Amino acid sequence: MVESCRSGKCEILKHILDRLRLLLRGDGLSPSVLMLGDGSGGDTLAVWREFGEALSVYYFDLPGSRTFEFAMNRFSKYAVPCKILNKYEQIPRAHFDAVISLEVLEHLPNPNAAIYDMWGFLKSGGMALVTESFNGVQPRFPTHLYETQRFAGETAHMFARAGMCLSWQHGKLMEFRKYDDWKSLLPAL
């Protein structure tokens, strides 16, 4: 909860909202956004407050955890109409215009698998908005996995191997685009 009030996090959220504005189209269709690993739901609430029904928002975090239950209570209190995904396997493939995953990868034993999954969740041309703290293994962050330190500075390469190009970056916030034929975007040599 405190994290969402930190000035650095507020700036990241401002940039996320700016990037999501790029998805809004005049065709009346609601772009779909997956909030992947949003814990207490603060980012989901912020996206909903900014865009309301203009975006179709999905939320996933670990069901049964205290943060998941807290998020469910918040969504109920504020009548947030996001779609709750209770099982990772239920996340639709090639469905989302955007996946937002902030400070999640450093908690996972296999962040590469999660990155490949993000590729699978996105439609062609979709964007993944990601922050990570692979170098943030410290006693005050007991859920950051020691073995993920080896990925510090490698995030863009990890996404590239999964078929996503770094298309924009501001500080810690990185945007990766999924292109089914991304090699065609490279200049001819």
Side-chain angles (χ1 to χ4, degrees), residues 12-38 43-44 46-48 50-62 81-134 148 150-189:
I12 287 171
L13 190 54
K14 175 193 166 300
H15 289 293
I16 287 171
L17 298 176
D18 288 344
R19 301 312 287 177
L20 290 176
R21 281 186 193 88
L22 299 174
L23 295 177
L24 298 175
R25 309 179 287 259
D27 59 11
L29 298 175
S30 295
S32 58
V33 177
L34 172 61
M35 307 301 290
L36 187 59
D38 188 22
D43 300 327
T44 302
V47 168
W48 173 74
E50 183 71 19
F51 297 104
E53 303 282 331
L55 295 177
S56 180
V57 179
Y58 292 70
Y59 167 93
F60 176 82
D61 207 288
L62 295 175
C82 64
K83 295 162 187 70
I84 308 301
L85 299 167
N86 292 314
K87 294 182 182 172
Y88 195 73
E89 306 81 44
Q90 290 177 338
I91 300 175
R93 309 293 286 177
H95 180 80
F96 297 98
D97 297 288
V99 172
I100 299 172
S101 184
L102 306 177
E103 301 302 308
V104 172
L105 295 173
E106 66 275 7
H107 299 272
L108 305 175
N110 189 349
N112 280 306
I115 290 168
Y116 277 93
D117 284 344
M118 284 185 223
W119 179 92
F121 300 148
L122 286 168
K123 297 175 184 176
S124 183
M127 69 172 117
L129 294 162
V130 177
T131 62
E132 50 78 4
S133 292
F134 288 130
T148 65
R150 65 189 170 104
F151 299 116
E154 295 297 314
T155 307
H157 299 288
M158 295 164 73
F159 274 86
R161 283 190 293 276
M164 289 187 273
C165 301
L166 180 64
S167 56
W168 179 86
Q169 183 171 3
H170 188 276
K172 284 186 70 160
L173 181 61
M174 296 170 275
E175 176 185 287
F176 298 94
R177 290 282 181 159
K178 174 185 177 176
Y179 296 105
D180 291 332
D181 187 19
W182 64 272
K183 290 179 183 175
S184 68
L185 300 172
L186 298 174
L189 298 177

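These numbers come from the heavy atoms of this one structure, side chains and all, not from hydrogens, waters or symmetry mates. What you see is a predicted model; the values in this text were computed from it and never measured.
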Taking all non-hydrogen atoms of both residues, which atom of [X] and which atom of [Y] are closest, and how far apart?
{"X": "L13", "Y": "A46", "value": "CD2-CB, 3.3 Å"}
{"X": "A128", "Y": "M164", "value": "CB-SD, 4.4 Å"}
{"X": "P31", "Y": "A54", "value": "CD-O, 3.3 Å"}

Please confirm whether the backbone N or O of [Y] pairs with a side-chain atom of [X], one donor and one acceptor, at under 3.5 Å?
{"X": "Y116", "Y": "R161", "value": "yes"}
{"X": "K178", "Y": "G126", "value": "no"}
{"X": "S30", "Y": "E53", "value": "yes"}
{"X": "T131", "Y": "L173", "value": "no"}

* Asked: Are L85 and L34 close enough that some pair of their side-chain heavy atoms sits under 4.5 Å apart?
  -> yes

* To do: For the pair L36 and Y88, evaluate side chain to side chain contact (heavy atoms under 4.5 Å, CB included) and give the outcome as yes or no after the intermediate values.
  => CA-CA 10 Å; L36 187 59; Y88 195 73; 4.1 Å; yes

* Asked: Are side-chain N/O atoms of K123 and S32 paired as donor and acceptor at under 3.5 Å?
  -> no

Quick one: pull up [atom1] in [X] and [atom2] in [Y] and give me the separation to the nearest 0.5 Å.
{"X": "D180", "Y": "W119", "atom1": "CG", "atom2": "CH2", "value": "6.0 Å"}
{"X": "S101", "Y": "F121", "atom1": "OG", "atom2": "CZ", "value": "10.0 Å"}
{"X": "L129", "Y": "M174", "atom1": "CG", "atom2": "CE", "value": "10.5 Å"}
{"X": "C82", "Y": "M35", "atom1": "SG", "atom2": "CE", "value": "9.5 Å"}
{"X": "N110", "Y": "L105", "atom1": "CG", "atom2": "CG", "value": "10.5 Å"}
{"X": "L102", "Y": "D43", "atom1": "CG", "atom2": "CG", "value": "5.0 Å"}

Identify all side-chain donor-acceptor contacts of residues 15-22 below 3.5 Å with residues at least two apart in sequence or on another chain.
{"from": "H15", "atom 1": "NE2", "to": "H170", "atom 2": "ND1", "distance (Å)": "3.4"}
{"from": "D18", "atom 1": "OD1", "to": "R21", "atom 2": "NH1", "distance (Å)": "2.6"}
{"from": "D18", "atom 1": "OD2", "to": "K14", "atom 2": "NZ", "distance (Å)": "3.3"}
{"from": "R19", "atom 1": "NE", "to": "E175", "atom 2": "OE1", "distance (Å)": "2.7"}
{"from": "R19", "atom 1": "NH2", "to": "E175", "atom 2": "OE1", "distance (Å)": "3.2"}
{"from": "R19", "atom 1": "NH2", "to": "E175", "atom 2": "OE2", "distance (Å)": "3.2"}
{"from": "R21", "atom 1": "NH1", "to": "L17", "atom 2": "O", "distance (Å)": "3.3"}
{"from": "R21", "atom 1": "NH2", "to": "E50", "atom 2": "OE2", "distance (Å)": "2.4"}

* Can you list the residues that meet the side chain to side chain donor-acceptor pair (under 3.5 Å) rule with T44, with sequence neighbours excluded? -> D38

* To do: Report the residues that fulfil side chain to side chain donor-acceptor pair (under 3.5 Å) with D61, sequence neighbours left out, ordered by chain and then residue number.
  => none

* **Option passing side chain to side chain contact (heavy atoms under 4.5 Å, CB included) with M118 (candidates F176, F159, F96)** => F159

* **V33/F51 under side chain to side chain contact (heavy atoms under 4.5 Å, CB included): CA gap, chis, key distance, verdict** => CA-CA 11 Å; V33 177; F51 297 104; over 6 Å; no

* Partner residues of Q90 under the side chain to side chain contact (heavy atoms under 4.5 Å, CB included) criterion, sequence neighbours left out -> N86, K87

* To do: Output all residues satisfying salt bridge (Lys or Arg N to Asp or Glu O under 4.0 Å) with K83, sequence neighbours left out; order by chain, then residue number.
  => none

Quiz: residues 151-158 side-chain donor-acceptor pairs under 3.5 angstrom, not counting sequence neighbours:
{"from": "T155", "atom 1": "OG1", "to": "E132", "atom 2": "OE2", "distance (Å)": "2.7"}

